[in-house]
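In what follows, chains carry the letters A, B, and so on, assigned in the order in which the sequence lines appear, proteins first and then strands, with residues in each chain numbered from 1. Predicted model only: the values in this text are computed from it and were never measured.
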Number of protein chains: 2
Amino acid sequence: MYIGTKGDYGIRALIDLAMYGGAGPIQRAEIARRQHIPEAYLDHLLAQLRRAGFIQSTRGPGGGHQLNRPAAEICLLHALETLEGSLAPMPCLEDHDDGESDSVCAQQWVWREIYDDMRARLQAVTLADLAAREQERLRALATSYSI
Amino acid sequence: MYIGTKGDYGIRALIDLAMYGGAGPIQRAEIARRQHIPEAYLDHLLAQLRRAGFIQSTRGPGGGHQLNRPAAEICLLHALETLEGSLAPMPCLEDHDDGESDSVCAQQWVWREIYDDMRARLQAVTLADLAAREQERLRALATSYSI
DNA sequence: GTATTCTTGACTAAGTTAGTCGAGAATTGC
DNA sequence: GCAATTCTCGACTAACTTAGTCAAGAATAC
């Protein structure tokens, strides 16, 4: 498998910050509750996002986490790579600086195309896009209940 | 990671059969030596390919393995799925019969596009294509040595 | 000083990957 | 029928990854 709970939870946490973080820091407990993520586990994901510069955190009462940049300037590709590590689909495509390594597998050329397409699509999506989709999903859910 | 040694070795074994299997069965020892694959491990991969109908095997002296269909009629997608299992990049995309499961992750829509693109590309490549590429690679390698 | 909140590293259980090994079954040629 | 060859199958293993948990500690607000 590819995108596990790290990538899923981590991106959901970022979306949560984008949606509800307008008025100051949000606590991890709040994110965990809203997104159904184990709190202790979320800690590690937030730590990675902080170290990579996506969020900043403040301690003490009233503390929490908030985005360091506007959601429209955060792209899904970099956030996912921060959370999951390299997304390369096979070992011989890890950081391809086109230096010939000796492990050139037979299917490399197909997968290089697939990988390039994947990165392009992920780079085109911003956190703002994801938050807008989520907003819409919640709205649709709410109206379907109220009918 | 995605495509491991199962997918790499298994496809290389199929390419080997496509390239050298014209005149009768090829023994696993020969494939293993030519493709640098541990023989005992190759056993399991060949067994899976046999059970999925890609190859047939005969025992006894002079026995070995051969393709069940022309190389041009074997597509990379199905061979890889046989060897590696589902190629879905995230749990919520496993066999998507578009029934709403409750685990809908926020990024699903991007990844569904990526997955569809991936499957289309893999389906368009046949074993004959791969064998031709390999043939060319070996030829280029040989001439570069002889210069 | 106390309560709150984040920070960090150590630890664990379960599952996957990449194999190895050995007993056995089918086939060929004599 | 016997021996050699070759595939078949299931059990086993070591190392690694994933998905967490837990506890001690540091910073901040009041």
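The pair A/Asp8-A/Arg12 meets the salt-bridge criterion, since a charged nitrogen lies less than 4.0 angstrom from a carboxylate oxygen.
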Any chance you could lay out the salt bridge (Lys or Arg N to Asp or Glu O under 4.0 Å) test for B/Arg121 and B/Asp117, step after step, and finish with the verdict? CA-CA 6 Å; B/Arg121 286 181 193 269; B/Asp117 174 271; 3.1 Å; yes

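Per the geometry, CD belonging to A/Gln27 stands 12 Å off P belonging to C/dT7, to the nearest Å. Atom CE in B/Met90 sits about 15 Å away from atom C1' in D/dT18, given to the nearest Å. Distance, B/Leu49 CG to D/dT8 P: 12 Å, rounded to whole Å. One atom, NE2 of A/His36, and another, C1' of D/dA19, lie 18 Å apart when rounded to the nearest Å. Between the CD atom of B/Gln48 and the C1' atom of C/dT17 there is a distance of 13 Å, given to the nearest Å. The distance between atom CD1 of A/Ile31 and atom C1' of C/dC6, rounded to the nearest whole Å, is 12 Å. B/Leu42 places its CG atom 15 Å from the P atom of D/dT6, with the value rounded to the nearest Å. For B/Ile3 and C/dT17, the CD1 to P distance is 11 Å, given to the nearest whole Å.
Interatomic distance, B/Leu122 CG to B/Arg119 CZ, rounded to the nearest 0.5 Å: 8.5 Å.
Between B/Arg50 and D/dC7, a side-chain N or O to OP1/OP2 separation shorter than 4.0 Å is absent. Between C/dA18 and B/Lys6, no contact under 4.0 Å exists linking OP1 or OP2 to a side-chain N or O. In this structure, A/Arg28 does not reach the C/dT7 phosphate: none of its side-chain N or O atoms is under 4.0 Å from OP1 or OP2. For D/dC7, the OP1/OP2 oxygens have no side-chain nitrogen or oxygen of B/Ser57 closer than 4.0 Å. OP1 or OP2 of C/dG19 sits under 4.0 Å from a side-chain N or O of B/Tyr9.
Counting only heavy atoms from C-beta outward, the side chains of A/Val110 and B/Asp129 never approach each other to under 4.5 Å.
The backbone N or O of A/Leu93 sits nowhere less than 3.5 Å from a side-chain atom of A/Gln108 that would complete a donor-acceptor pair. The backbone N or O of A/Gly7 lies less than 3.5 Å from a partner atom in the side chain of A/Glu84, making a donor-acceptor pair. No donor-acceptor pair closer than 3.5 Å links the side chain of A/Gln66 to the backbone N or O of A/Ile26.
Comparing A/Glu84 and B/Arg51 along DNA chain D, the residue whose closest nucleotide (by nearest heavy atom) sits nearer the 5' end is B/Arg51.
Of the candidates A/Leu83, A/Thr82, A/Asn68, A/Thr82 is the only one forming a side chain to side chain contact (heavy atoms under 4.5 Å, CB included) with A/Phe54.
In this view, A/Gln123 and A/Cys75, A/Leu77, A/His78 satisfy the side chain to side chain contact (heavy atoms under 4.5 Å, CB included) rule, not counting sequence neighbours.
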Produce a footprint string for nucleotides 21-30 of chain D: one letter per nucleotide, 5' end first; B if the base is under 4.0 Å from any protein heavy atom, S if only the sugar-phosphate is, - if neither. B---BBBBS-

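For the segment residues 64-71 of chain A, residues with any heavy atom less than 4.0 angstrom from an atom of DNA chain C are, sorted by number, A/Gly64, A/His65.
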